[in-house]
Each structure stands twice: as C-alpha cells, then as structure tokens.
Amino acid sequence: MPHRLPRLPLACPLVAVAVLALGLSAPTRADSQEGYYYPPVTSEEEFDREMIDGPAADPLTRETFVTMITTAQLEAPANPRFAIFAKGEGSRRLIMVGLDDGAFKTLFRARAILAQMTYSLRNSPFFKDQGIEATATLFDVLQLMDFESLTLTDGETWSHRVYFK
C-alpha cells in the first residue's frame, strides 16, 4: 500500500505556498513599495525649508488628506489623472502614480500637476491666515503634515523621490 500524507485542510497548502512565494519575492530593501507600486527610483531631491510652523500631523491627518484628494478626483467629470496614497509606518510615504500616458509622462508634467495642486491649496483659509498664499507650495504642506517622502512616477519607466527634512 502506498504511503499517504495526512489530509490537511485546503487552506494550509495555500498558506504555505503564499508564505513561500512572499519569502522568495519580498524585497530586501527598506522601500517595499518600489517594484510593487512603481519602478525603481531614478532621481531624488531634498526639500528643506520651514515656511509653515505648526504641530506635526498624525497618520489620520495624512490619510484624510489623501482621501480628500482622491474623493475630489473621483467626483470630477474626468477620469483621475493620478492615484495618490500613503504607505509605510504612520502613512508617512506619499505616492503619486500617473494613470494615463500623458499626465505623468515626464517629471516636468508631474511637477506641473503639483503646481496645480499648490494653487488649489493657496485659496485655503490656512494659507491666507499664515500670510503665505503667494509663496508656499504643496511641498510646504506635505512637510508640515510630517510626510517623510513623496514618490512621483509614471508607473512605467521612471520614479522620482522627494525627501522632506
């Protein structure tokens, strides 16, 4: 009589396969989003200016910020041009991925979208109350919200990371 293995619930082999697959494909670098949400980072910069002073934001504030942008895009009549989400411990890594072949085709186009976002923020009472509606940028807001970094990508060929100090 042939030797038979004990019968295991169906979930056990599936879990084992998943664990093995994750173990073999999990990135060894600190940035686990690279290679999953975007291609390898091809350029970097540092943003180190403290124009806005205020208390550090918490993860809920960062998640609410992302949700507000996403909701506004989904409520607009046109399809969203990019996806935005926060990852990492405390939701401190902001990621923006172009969703079409035009909006984020180049880093310059991605920066233009960031500039549009800046102009929208400048109309907010917060910018006006601080007296910085003509000079502050989206990067100033992200730094105030205690984001560690922003990764911009076309989702295909390039990724650019901005570190906030």
Would you confirm whether [X], through its side chain, and [Y], through its main-chain N or O, come within 3.5 Å as a donor-acceptor pair?
X: S124; Y: L121; result: yes
X: T118; Y: L114; result: yes
X: Q73; Y: F82; result: yes

I want to check something: taking the side chain as every heavy atom from C-beta on, are [X] and [Y] in contact at a cut-off of under 4.5 Å?
X: Y163; Y: E46; answer: yes
X: V141; Y: F139; answer: no
X: L94; Y: S149; answer: no
X: E148; Y: K165; answer: no
X: F164; Y: L150; answer: yes

Once side chain to side chain contact (heavy atoms under 4.5 Å, CB included) is applied, do any residues pair with [X], and if so which ones, sequence neighbours excluded?
X: R49; result: F47, M51, T137, D140
X: L144; result: I52, F126
X: E63; result: A86, S91

Kindly give the heavy-atom pair with the smallest separation between [X] and [Y], and that separation in Å.
X: M117; Y: I69; answer: CE-CD1, 3.5 Å
X: T61; Y: D58; answer: OG1-OD1, 2.7 Å
X: T153; Y: P39; answer: OG1-CD, 3.4 Å
X: S159; Y: P40; answer: CB-O, 3.7 Å

As an exercise, state the distance from [atom1] of [X] to [atom2] of [Y], rounded to the nearest 0.5 Å.
X: T42; Y: W158; atom1: OG1; atom2: CH2; value: 7.5 Å
X: L152; Y: Y38; atom1: CG; atom2: OH; value: 11.0 Å
X: L99; Y: I84; atom1: CG; atom2: CD1; value: 11.0 Å
X: T64; Y: M145; atom1: OG1; atom2: CE; value: 8.0 Å
X: L74; Y: T70; atom1: CG; atom2: OG1; value: 6.5 Å
X: F127; Y: Q130; atom1: CZ; atom2: CD; value: 9.0 Å

Discussion item. So that I can tick it off, tell me whether R122 and E133 are bridged by a salt bridge, with the cut-off set at under 4.0 angstrom between side-chain N and carboxylate O.
Written reply: no

Item to complete: Indicate whether the side chain of T151 and that of R161 have a donor and an acceptor atom separated by less than 3.5 Å.
Response: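 A donor-acceptor contact under 3.5 Å links the two side chains.
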
Item to complete: May I have all residue pairs that pass side-chain hydrogen bond (donor to acceptor under 3.5 Å, both in side chains) and include part of residues 95-107, sequence neighbours excluded?
Response: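 Sorted pair list comes back empty.
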
Practice prompt. Please list, chain by chain and in numerical order, all residues satisfying side-chain hydrogen bond (donor to acceptor under 3.5 Å, both in side chains) with K87, sequence neighbours excluded.
Written response: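 Applying side-chain hydrogen bond (donor to acceptor under 3.5 Å, both in side chains) to K87 gives Y37.
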
Item to complete: Sequence neighbours left out, what passes side-chain hydrogen bond (donor to acceptor under 3.5 Å, both in side chains) with S43? Give chain and number order.
Response: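 Result, side-chain hydrogen bond (donor to acceptor under 3.5 Å, both in side chains) vs S43: H160.
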
Worksheet item: Which is it for E89 and R62 under the salt bridge (Lys or Arg N to Asp or Glu O under 4.0 Å) test, yes or no, and what are the steps along the way?
Response: CA-CA 12 Å; E89 187 175 333; R62 289 186 286 278; over 6 Å; no

